[in-house]
2 protein chains.
Amino acid sequence: MKPRDAQHSERPARVNDTAQRRDEILVAAAECFMINGFEATSIDMIARRMGATKGLVYHHFPAKADLFFAVIEHGMDLCFQAARPAAEGPGDGAARLRAVLEAHALTMMESVAFQKVNTQGVEMHMHGASTPDQRAMLAHLTGRRDAFEALIGDVLEAGACDGSIAPGDVRLTVKALLGALNWMTIWYRPRPGDERAGRQAIARTLADTLLNGVVRRA
Amino acid sequence: MKPRDAQHSERPARVNDTAQRRDEILVAAAECFMINGFEATSIDMIARRMGATKGLVYHHFPAKADLFFAVIEHGMDLCFQAARPAAEGPGDGAARLRAVLEAHALTMMESVAFQKVNTQGVEMHMHGASTPDQRAMLAHLTGRRDAFEALIGDVLEAGACDGSIAPGDVRLTVKALLGALNWMTIWYRPRPGDERAGRQAIARTLADTLLNGVVRRA
DNA sequence: GTCTATATTTCGATAGAC
DNA sequence: GTCTATCGAAATATAGAC
């Protein structure tokens, strides 16, 4: 183990302190944005929520828009981390689609704040995206969203090939499936006493409904 | 026909002039809210969009929040007007559900602006709903949203009884179905050249997917 | 009924102390 | 690295002319 600087050896080891601080800000920001929306959230609110002041936030993020982008990007990271292994897992198209849908539903529930911020609309708040940096970030996020939809689309097409999934308009089907799940950011709110088993039950029921439809099978 | 006031008979008949003006404001507001969101939309923008000034808007609506509520209420009116006849129409549960889903999908496409404002979140912007009037309006809109979900839930239950629809968690199924359709406010934007037939095709495809699911039928 | 002008507040961002 | 103090821009709402 590398010895720490002798001059400050009495201080507790604070590895990656600034990264941790950044994450704390991200969580506080996600919660504020979720509750009030982008414009109605002031930097003061975010700082107060984590027991700090504006100066701290501006020390870690150059502007409010960058903070907003960082929140959405982190939410997307979580989506990919959950969905990609499921999409690339074993089984035929239908089995993998089920795995992806359940994983995505769980992601929605377990990071509602981050996901709802994404739902609020990336492009909306950056309509006049002033700086080139912001325009680039906007394009980057749009690209990742498209990539996520393509991930699901690929599973659908694989299923259409192996016969486990009914052929149809892939783009529109992806919108329908993701819409049903992403809509959870509108109505789902974690309850103090709820457990993972309960969330898994919801995820399974939703996936069932989407896979099998609502009409009675012959 | 009742004769108009003789003193002003030379003026062109302007029946319901203020009501028309109100509607114009409503449309302009819906479009601005759709593009920029509630907080980022200024009263000036709304006025400019209809070639007027702030004073006009404040003459018809006491505050920005009331205008926002009025937009959402009108959007809900459109939803009920389309869905209720379909829900109360002829046929078994599955047939009526199909009619409701297609009607709702069409409503989403043909009044995107109004519907997207609703998606933005009623409760979000009124978190601290200051005046009692605003709190009452908030409760009113929440009640109507619940009533709309109940409308669909009733059709589902009727279908479960007559055997046309698979039994299941009604509340969760309603959320899934409405989620898939309401999500259109996120991605659907009317194109200059699109026609009603195209929208109907989208509505039918979406309803098909939700009714039959995506896995291949045995 | 619609406009202009303005009072008042709020917030993003910066400067600089510690 | 975090805080206090403050500037300047923007927007809601109002007052009053026409």
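Labels below follow one simple rule: chain letters A, B, ... track the order of the sequence lines, proteins then strands, and each chain is numbered from 1. Owing to the predicted nature of the structure, the values given are computational and were not obtained by experimental measurement.
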Check the distance between [N]'s [atom2] and [X]'s [atom1] and give it to me in whole angstrom.
{"X": "L56(B)", "N": "dC3(C)", "atom1": "CG", "atom2": "P", "answer": "6 Å"}
{"X": "R21(B)", "N": "dT2(C)", "atom1": "CZ", "atom2": "C1'", "answer": "9 Å"}
{"X": "R48(B)", "N": "dT4(C)", "atom1": "CZ", "atom2": "C1'", "answer": "15 Å"}
{"X": "Y58(A)", "N": "dT14(C)", "atom1": "OH", "atom2": "C1'", "answer": "9 Å"}
{"X": "I25(A)", "N": "dT2(D)", "atom1": "CD1", "atom2": "C1'", "answer": "11 Å"}
{"X": "N36(A)", "N": "dC11(C)", "atom1": "CG", "atom2": "C1'", "answer": "14 Å"}
{"X": "M45(B)", "N": "dA10(D)", "atom1": "CE", "atom2": "P", "answer": "11 Å"}
{"X": "D44(B)", "N": "dT14(D)", "atom1": "CG", "atom2": "P", "answer": "15 Å"}

Fill in: Pairwise side-chain contact, M50(A) with R21(A), heavy-atom cut-off 4.5 Å (strictly under)
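With C-beta onward as the side chain, the pair touches.
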Worksheet item: For the residue pair A28(A) and R49(A), what are the closest heavy atoms and their distance?
Response: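 Scanning both residues completely, I find the closest heavy atoms to be O-CD, 3.7 Å.
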Of the nucleotides [options], which one has an atom closest to the side chain of [X]?
{"X": "K64(A)", "options": "dT4(C), dG1(D), dG12(C)", "answer": "dG12(C)"}
{"X": "A52(A)", "options": "dC3(D), dG1(D), dA13(C)", "answer": "dC3(D)"}
{"X": "K54(B)", "options": "dT12(D), dT4(C), dT4(D)", "answer": "dT12(D)"}
{"X": "H59(A)", "options": "dG1(D), dG12(C), dC3(C)", "answer": "dG1(D)"}

Practice prompt. Have a look at T53(A) and say if it touches a base, only the backbone sugar-phosphate, or nothing, with a 4.0 Å heavy-atom cut-off.
Written response: base
Worksheet item: Can you tell me if the side-chain N/O atoms of H60(A) get under 4.0 Å from OP1 or OP2 in dT2(D)?
Response: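 True: H60(A) side-chain N/O within range (under 4.0 Å) of dT2(D) OP1/OP2.
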Worksheet item: For atom CZ of R171(A), is the number of surrounding heavy atoms from other residues, nucleotides or ligands below 6.0 Å larger than 12?
Response: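 At most 12 heavy atoms, drawn from other residues, nucleotides or ligands, come within 6.0 Å of this atom.
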Discussion item. Against F68(B), only a single residue in F33(B), F61(B), F114(B) fulfils ring pair (Phe, Tyr, Trp, His ring centres under 6.0 Å); can you say which?
Written reply: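 Testing each of F33(B), F61(B), F114(B) against F68(B), the sole residue satisfying ring pair (Phe, Tyr, Trp, His ring centres under 6.0 Å) is F33(B).
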Worksheet item: Just checking, K64(B) and F38(B): is the charged tip under 6.0 Å from the six-membered ring centre and within 45° of the axis?
Response: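 Relative to the ring axis of F38(B), which defines the angle, K64(B) lies inside both limits.
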